[in-house]
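Right, one structure below, let's go through it.
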Amino acid sequence: MSRKAVFFDIDGTLWDEHFVIPESTKEAIRMLRENGHLAFLCSGRTRAFIQDERLLALGFDGIVAGCGTWIEMDGKTLFYKN
């Protein structure tokens with residue numbers, strides 16, 4: 001099986017208008033990673049506005065923020081363009 005990277009938007013995808021993350025979403029991301037795939041947050045928000053521990057605790061491998069102007073993986077910044 002080949003390794004895949006899956007990108008998740010925040011608003012309306014990971015959480016709803018009340019900032020609730022469904023348990024099924026948490027389980028799906030956990031299973032995705034257990035199966036050897038990579039999970040990324042991907043948002044138009046800048047990195048400074050992606051700080052909520054409920055999101056970060058889901059165990060993402062990285063973050064693509066600011067419409068691609070910031071890319072990090074495993075806690076390390078790989079790309080930044082201001």
Side-chain angles (χ1 to χ4, degrees):
M1 176 177 71
S2 62
R3 190 175 202 191
K4 308 288 183 193
V6 182
F7 297 82
F8 295 90
D9 183 39
I10 298 171
D11 299 306
T13 302
L14 289 176
W15 62 24
D16 63 17
E17 66 274 4
H18 304 290
F19 307 105
V20 174
I21 303 170
E23 289 301 316
S24 60
T25 299
K26 296 174 186 177
E27 177 69 9
I29 292 169
R30 184 189 62 74
M31 290 175 63
L32 176 85
R33 295 190 72 234
E34 280 181 1
N35 285 319
H37 303 295
L38 301 171
F40 289 85
L41 278 174
C42 186
S43 179
R45 296 177 184 205
T46 60
R47 181 61 176 95
F49 289 97
I50 303 174
Q51 299 294 325
D52 194 294
E53 284 303 316
R54 292 171 294 172
L55 290 172
L56 301 177
L58 294 174
F60 290 98
D61 296 287
I63 300 172
V64 178
C67 298
T69 61
W70 176 281
I71 301 171
E72 72 179 57
M73 186 168 177
D74 299 325
K76 296 180 182 134
T77 302
L78 303 179
F79 178 81
Y80 173 65
K81 178 73 173 171
N82 60 4

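The residues of the chain are indexed from 1 along the displayed sequence. What's counted below: heavy atoms across the whole structure, side chains too, no hydrogens, waters or symmetry copies.
- Residues forming a side chain to side chain donor-acceptor pair (under 3.5 Å) with Glu34 (at least two apart in sequence, or on another chain): Arg30.
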What side-chain donor-acceptor pairs closer than 3.5 Å can you find for residues 6-23, not counting sequence neighbours?
unit_1 : atom_1 : unit_2 : atom_2 : d
Asp11  : OD1    : Trp15  : NE1    : 3.1
Asp11  : OD1    : Arg45  : NH2    : 2.7
Asp11  : OD2    : Arg45  : NE     : 3.3
Asp11  : OD2    : Arg45  : NH2    : 3.1
Asp16  : OD1    : His18  : N      : 2.8
Asp16  : OD1    : Phe19  : N      : 3.2
Asp16  : OD1    : Val20  : N      : 3.1
Glu23  : OE2    : Lys26  : NZ     : 3.1

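- Pairs passing the salt bridge (Lys or Arg N to Asp or Glu O under 4.0 Å) check and including a residue from residues 54-70, sequence neighbours excluded, read Arg33-Asp61, Asp52-Arg54.
- Nearest approach of Ile29 to Leu58, heavy atoms of both residues: CG2-O, 3.8 Å.
- At least one donor-acceptor pair closer than 3.5 Å links the side chain of His37 to the backbone N or O of Lys4.
- A continuous path of ILVMFWY side-chain contacts below 4.5 Å connects Leu56 to Leu32, so both sit in one hydrophobic cluster.
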For residues 71-82, which side-chain donor-acceptor pairs fall under 3.5 Å, sequence neighbours excluded?
unit_1 : atom_1 : unit_2 : atom_2 : d
Glu72  : OE1    : Arg47  : NE     : 2.9
Glu72  : OE1    : Trp70  : NE1    : 2.9

